[in-house]
2 protein chains.
Amino acid sequence: MPDQTKDRIVDAAYRALVKRGYHETSMKDIAAEAGVAPGLAHYYFETKEDLLVAAIERACQPVMDAWRQAGMNLSGPLPEDADPMMVARMGFELAKEELRTYRGLFLLTFDMFGVGLHNPKIAAAVRAFIEERRAFIARITQGVIAGMPDPPAASADAIAAALWGSLHGIYLQKVMNPDFDADAAIDALSEMAIAFATRPRLTSAQVV
Amino acid sequence: MPDQTKDRIVDAAYRALVKRGYHETSMKDIAAEAGVAPGLAHYYFETKEDLLVAAIERACQPVMDAWRQAGMNLSGPLPEDADPMMVARMGFELAKEELRTYRGLFLLTFDMFGVGLHNPKIAAAVRAFIEERRAFIARITQGVIAGMPDPPAASADAIAAALWGSLHGIYLQKVMNPDFDADAAIDALSEMAIAFATRPRLTSAQVV
DNA sequence: AGCGTTTGATTGATTGACCAAATAAACGAG
DNA sequence: CTCGTTTATTTGGTCAATCAATCAAACGCT
């Protein structure tokens with residue numbers, strides 16, 4: 001049962017990495033968590049980095065599924081008939097739900113961000129991770145902009161970057177401090193975004 | 001020259017930590033960078049964690065000074081005569097400037113965030129770091145809210161959390177990818193925030 | 001028999017922390 | 001001013017523990 005074993009190792013890596021973090025988790029720890037011999041993890045994964053990336057991709061699966069189930073595909077176009085504004089609202093709700101449900105995934109992701117600061121291989125994975133989500137938000141934003149009475153100065157990409165950054169920053173505060181009211185922060189962000197998307201046309205005299 | 005030596009070590013720690021990151025930097029490395037004996041760093045700092053915190057506090061100094069010079073004090077009240085809206089605008093400009101000037105500090109800070117995920121001592125420092133900046137933004141936000149035609153549903157604290165998170169997330173994208181146009185993202189955020197702060201009163205029929 | 005899988009011991013290297021001894025600076029008594 | 005004593009600083013090396021990665025040997029299925 002080769003594939004089953006590989007999965008066992010990836011699952012064990014996820015659990016161990018969430019518990020102790022990348023630098024405090026050894027390949028031996030992961031093997032022990034999986035209940036296999038110390039050397040086996042290296043049979044399936046050349047380096048520890050590869051295993052981290054596999055663990056994150058695996059952990060992202062249920063989130064991807066949740067988005068798809070809500071009618072949105074991170075790596076595909078939005079449904080033709082979708083109202084971008086409604087999609088955006090739903091996105092903020094899903095973001096709140098995500099944070100409640102997948103705390104371990106966020107721990108792992110943020111750990112990967114930290115590792116990526118000084119590890120080129122992980123850094124590439126981080127950039128791809130961010131880009132996928134940023135591009136998804138940009139597709140929604142593009143649709144919202146098209147419906148705005150007064151088109152914004154900022155591009156859809158720039159707005160998407162700001163929005164992804166906001167969510168990330170809010171997630172971080174929640175992970176660092178479980179008492180932090182992330183829902184309130186996301187609601188505030190949502191309120192800001194909606195005010196922006198529905199702002200009336202300004203006269204040039206009002207523009208600063 | 002005891003204090004001078006301590007400063008030399010803190011400076012060396014900053015350089016070494018920026019270059020290689022917390023986990024890839026040994027106390028010996030730092031001592032070598034400072035040009036002192038391997039054991040000396042432990043004379044001034046009980047643990048590596050303490051040295052990391054000292055290095056960050058030290059690196060934050062010039063940023064704090066820049067804010068103070070702009071008439072804002074992170075840990076004090078806003079000037080009495082300040083127009084919150086102008087202060088907010090200036091804040092976004094300073095944020096752009098910061099990112100250009102203090103890349104090393106951000107590397108160090110983000111590294112600390114990563115370490116803090118699984119290190120209680122560093123985690124406490126991270127929470128304090130975030131809280132100080134969040135509270136500062138909240139003071140500005142409070143003033144802006146007071147001047148809004150239609151008071152928001154979100155609290156000043158929640159908005160501040162969203163804004164700090166946004167800036168952090170944008171900084172992260174820039175650190176991870178130097179080609180990222182952080183200025184555009186901050187401008188987009190600023191545009192959103194201003195649209196929010198100047199939004200007209202909605203009729204209840206318009207509220208969703 | 002043959003091959004993909006699994007084992008567990010080993011390798012070579014590095015780490016943070018610690019310490020005893022060397023050196024320098026500060027002090028106080030005569 | 002000077003010598004002896006105490007305190008503060010600095011040195012360089014040791015320590016046990018840990019790590020990612022390698023590898024030859026054993027296993028088990030067909």
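Within every chain, numbering begins at 1; the chains are lettered A, B, ... in the order of the sequence lines, protein sequences first and strands thereafter.
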I want to confirm an ordering. Mapping A:G39 and A:D29 to their closest nucleotides on DNA chain D, which one lands closer to the 5' end?
A:D29

Between atom CG in B:L51 and atom C1' in C:dT15, what is the gap in whole Å?
15 Å

Roughly, in whole Å, what's the span from CZ in A:R20 to C1' in D:dT18?
13 Å

Of all the nucleotides listed (D:dA20, C:dT6, C:dG16), which has the minimum atom distance to the side chain of A:Y44?
C:dT6

With a cut-off of less than 4.0 Å, is there a side-chain N or O of B:T5 near OP1 or OP2 of D:dT10?
yes

With no hydrogens and no angle check, do the side chains of B:S190 and B:D187 hold a donor and an acceptor under 3.5 Å apart?
no

Give a yes/no answer on whether the side chain of B:S26 brings an N or O atom under 4.0 Å of OP1 or OP2 in C:dG16.
yes

Which nucleotide in the set D:dA20, C:dG16, D:dT11 lies at the smallest distance from any side-chain heavy atom of B:K28?
C:dG16

What is the separation between atom CG on A:D50 and atom P on D:dA20, rounded to the nearest whole Å?
13 Å

Tell me: CD of B:E24 to P of D:dA20, nearest whole Å?
12 Å

Does B:H42 place a side-chain N or O at less than 4.0 Å from the phosphate oxygens OP1/OP2 of C:dA17?
yes

Provide, to the nearest angstrom, the distance between the OH atom belonging to A:Y22 and the C1' atom belonging to D:dC19.
11 Å

Heavy-atom nearest nucleotide on DNA chain C taken for B:E46 and for A:G35; more 5' hit belongs to A:G35

Rounded to whole Å, CG of B:L40 lies from C1' of C:dT23 at a distance of 13 Å

Take A:D181 and A:K174 through the salt bridge (charged side-chain N to carboxylate O under 4.0 Å, His left out) test and state the conclusion after the steps.
CA-CA 7 Å; A:D181 190 349; A:K174 181 66 178 180; over 6 Å; no

Checking contacts here: which listed nucleotide (D:dA21, C:dT5, D:dT11) is nearest the side-chain heavy atoms of A:Y43?
C:dT5

What's the CZ-P distance between A:F45 and D:dA21, to the nearest Å?
13 Å

For this output row, return yes or no: ring centroids of B:Y22 and A:H118 closer than 6.0 angstrom.
no

Tell me the interatomic distance from A:K48, atom NZ, to C:dT14, atom P, rounded to whole angstroms.
16 Å

When the aromatic ring centroids of B:W164 and B:F136 are compared, is their separation below 6.0 Å?
no

Which nucleotide in D:dA20, C:dA17, C:dT7 has an atom nearest any side-chain atom of B:T47
C:dA17

Given salt bridge (charged side-chain N to carboxylate O under 4.0 Å, His left out), test A:K19 with A:E33 step by step and report yes or no.
CA-CA 11 Å; A:K19 215 180 303 170; A:E33 175 85 33; 3.5 Å; yes

